[in-house]
Amino acid sequence: MKNGRDPVIVGLADAPIEDGKFVTKASVLGHAALVAKAAVEEAGLTLDDVDGLLTAGMWGVPGPGQLATVTLGEYLNIMPTYVDGTNIGGSAFEAHVAHAAMALREGYCEVALIVYSSDQKSLRSRNLGGRPSVLSMQHETPYGMPTPVGGYAMAAQRHMHEYGTTSENLAEIAVATRKWAQLNPAATRRDPLTVDDVLSSTMISEPLHLLDCCLVTDGAGAIVMTTAERARDLKTKPVAVKGYGEAHTHWAIGEMPDLARLLPAQKAGETAMKMAGVSHSDIDVVEVYDSFTVTVLLTLEALGFCKIGEGGDFVSGQRTAPGGAFPMNTNGGGLSALHPGMYGMFLLIEASRQLRGVCGDRQVAGAETALVHGTGGTLSSGATVILQKD
Amino acid sequence: MSTEKPLPVIDHDSAPYWEAAHEGRLDIPLCGDCGKHHFYPRAICPHCHSDNLKFDTVSGRGEVHTFTIARRPAGPAFADDVPYVVALIELEEGPRMMSRIQTDDPESVRIGAKVEVTFVKATDEITFPYFRMT
């Protein structure tokens, strides 16, 4: 049943990057502000209309980034009356959509702005050096655990052991994703890629090769949400938020309940699909977090697109590539388009653009329903959003 | 960037565990109510949430639950160690813990391999429980 306060997405923006770096000269907060402004203006709104502010990031810690919504609100010179700084890793923005949807339904805000920005590539701030050796990490960091890739490698190793999944299966995902990137002028890596290229790339943390890993880039993105009623007067065609779910299980990889099974995705996916009243066959396009190839495999299984253990078969034969039966990560993903640390924002932007039908060469014909799933931490958290063309 | 290896920042939950390791014992919490061990040490049992816990010396035997061979180090501090094997060990008593597998042949490590604890002194205060295949 339709309701005037049903949550919809009405504004989208992302910052241009070249060779993985911001083109515009601005601070990390400057890029957040520029995409925020672009996203609200696209909808025919202004930043002064924003009363809900949601953000998560890795900038300014220790320091002003510890109170990220407060610092961003100050930079934008707005006074939000609903904020959410939920940070569950790269899936935070899928959770933000859920939280903003609830706040909009409740009448707790009218215009919600979700923002992310990172200049990690320009700053060269990303490293494998690991997490400070305190609390649970005192039992992992001192052993030289490569973070986060080592945790994903351990999950991949376990999946291979239990189900016979191969490195070739994982490479299929990287290759299919690259083919989508080749259709996206904004993607960072667009050169051809083969399964052999992936398998012969540098081994980082066995069994994961360099080309099983996402890119390290800058990036900024923003999403504006409001109610269906308010959207009627705005400039863009709204995308409806039909369902959402979230869950998390662990931070230390040693605490992951089952290394070959992604329980948060299973829980979040079930919740979101039930709320939206959709089944797997209703989904036209899938955008799932691809921090590593194995992340995708575990996610597709946990979301129920195939049985647990059958992910390797499911992605084989370039099933997820352009023209394949299962259009997935259509912008080229974190593996080939961009990955500015917390990538979940860009899954949402791409899914919304697919539903708007503005994706040019990579447009999935007739896309009406999209599933977005973010994964954060070290396979720690999952959040699913079901979006529909209004 | 520092090339000193990171050491655990010991807290009240973990102090008895690290003290025992320094004395050559693997001591982990045992719940007086549900009878299960857990790791890492906490102030309440993660299985039944009881606070009736004591440290118990365990066998130090287990098997490799999963592992990775680090070909690229976790920062410059570990550069001289590559390739090295970081593993999750499933102890006979149930809990899993992260450690290193001490081996000259990283390629020989397999999931399910039987292992036992060996203690490697890092500093005058810290000794790490590593594992080797049996």
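Lettering follows sequence order; numbering is per chain, from 1. No experiment lies behind these values; they were computed from the predicted model shown.
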Over 12 foreign heavy atoms within 6.0 Å of CG, B:Asp105:
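Correct, the count exceeds 12.
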
Would the number of heavy atoms belonging to other residues, nucleotides or ligands and lying under 6.0 Å from CG of A:Asp191 be above 12?
yes

If only atom types and distance count, is the side chain of [X] paired as donor or acceptor with the main-chain N or O of [Y] below 3.5 Å?
X        : Y        : result
A:Ser133 : B:Leu7   : yes
B:Thr66  : A:Gln157 : no
B:Arg71  : A:Glu206 : no

Who among A:Ala156, A:Ala260, A:Gly144, A:Ala252 has the most heavy-atom pairs with chain B under 4.5 Å?
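With the most close heavy-atom pairs to chain B, the winner is A:Gly144.
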
Which of A:Pro132, A:Ser205, A:Gly150, A:Gly254 touches chain B most, by non-hydrogen pairs under 4.5 Å:
A:Ser205

To the closest 0.5 Å, what do you measure between [atom1] ([X]) and [atom2] ([Y])?
X        : Y        : atom1 : atom2 : result
B:Thr68  : A:Arg158 : OG1   : CZ    : 14.5 Å
B:Arg110 : A:His161 : CZ    : NE2   : 11.0 Å
B:Met97  : A:Glu255 : CE    : CD    : 11.5 Å

Is the ring pair B:Trp18/A:His139 parallel, tilted or perpendicular, if the boundaries are 30 and 60 degrees?
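Geometry flag for A:His139 against B:Trp18: parallel rings.
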
With a 4.5 Å heavy-atom cut-off (strictly below), which parts of residues 32-45 of chain B touch chain A? List them by number.
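Checking residues 32-45 of chain B against chain A gives B:Phe39, B:Tyr40, B:Pro41, B:Arg42.
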
Side chain, backbone, both or neither of A:Leu208 within contact of chain B (heavy atoms, under 4.5 Å)
neither

Given a strict heavy-atom distance threshold of 4.5 Å, which part of A:Met160 is in contact with chain B: side chain, backbone, both, or neither?
neither

Cut-off 4.5 Å, heavy atoms of chain A, and the answer for B:Glu90 is neither

For B:Ala87, is it the side chain, the backbone, both or neither that has a heavy atom under 4.5 Å from a heavy atom of chain A?
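Looking at B:Ala87, just its backbone touches chain A.
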
Student check: side-chain heavy atoms of [X] and [Y] closer than 4.5 Å:
X        : Y        : answer
A:Ile204 : B:Arg72  : yes
A:Met203 : B:Ile69  : no
B:Ile111 : A:Glu162 : no
B:Tyr84  : A:Tyr143 : no

Return the set of residues passing side chain to side chain donor-acceptor pair (under 3.5 Å) with [X] (not counting sequence neighbours), or none when no residue passes.
X        : answer
A:Asn87  : none
B:Arg100 : B:Asp81
A:Gln120 : none

Which heavy atom of A:Ile253 sits nearest to which heavy atom of B:Leu88, and what is that distance?
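Where A:Ile253 meets B:Leu88 most closely, the heavy atoms are O-CD1, 4.0 Å.
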
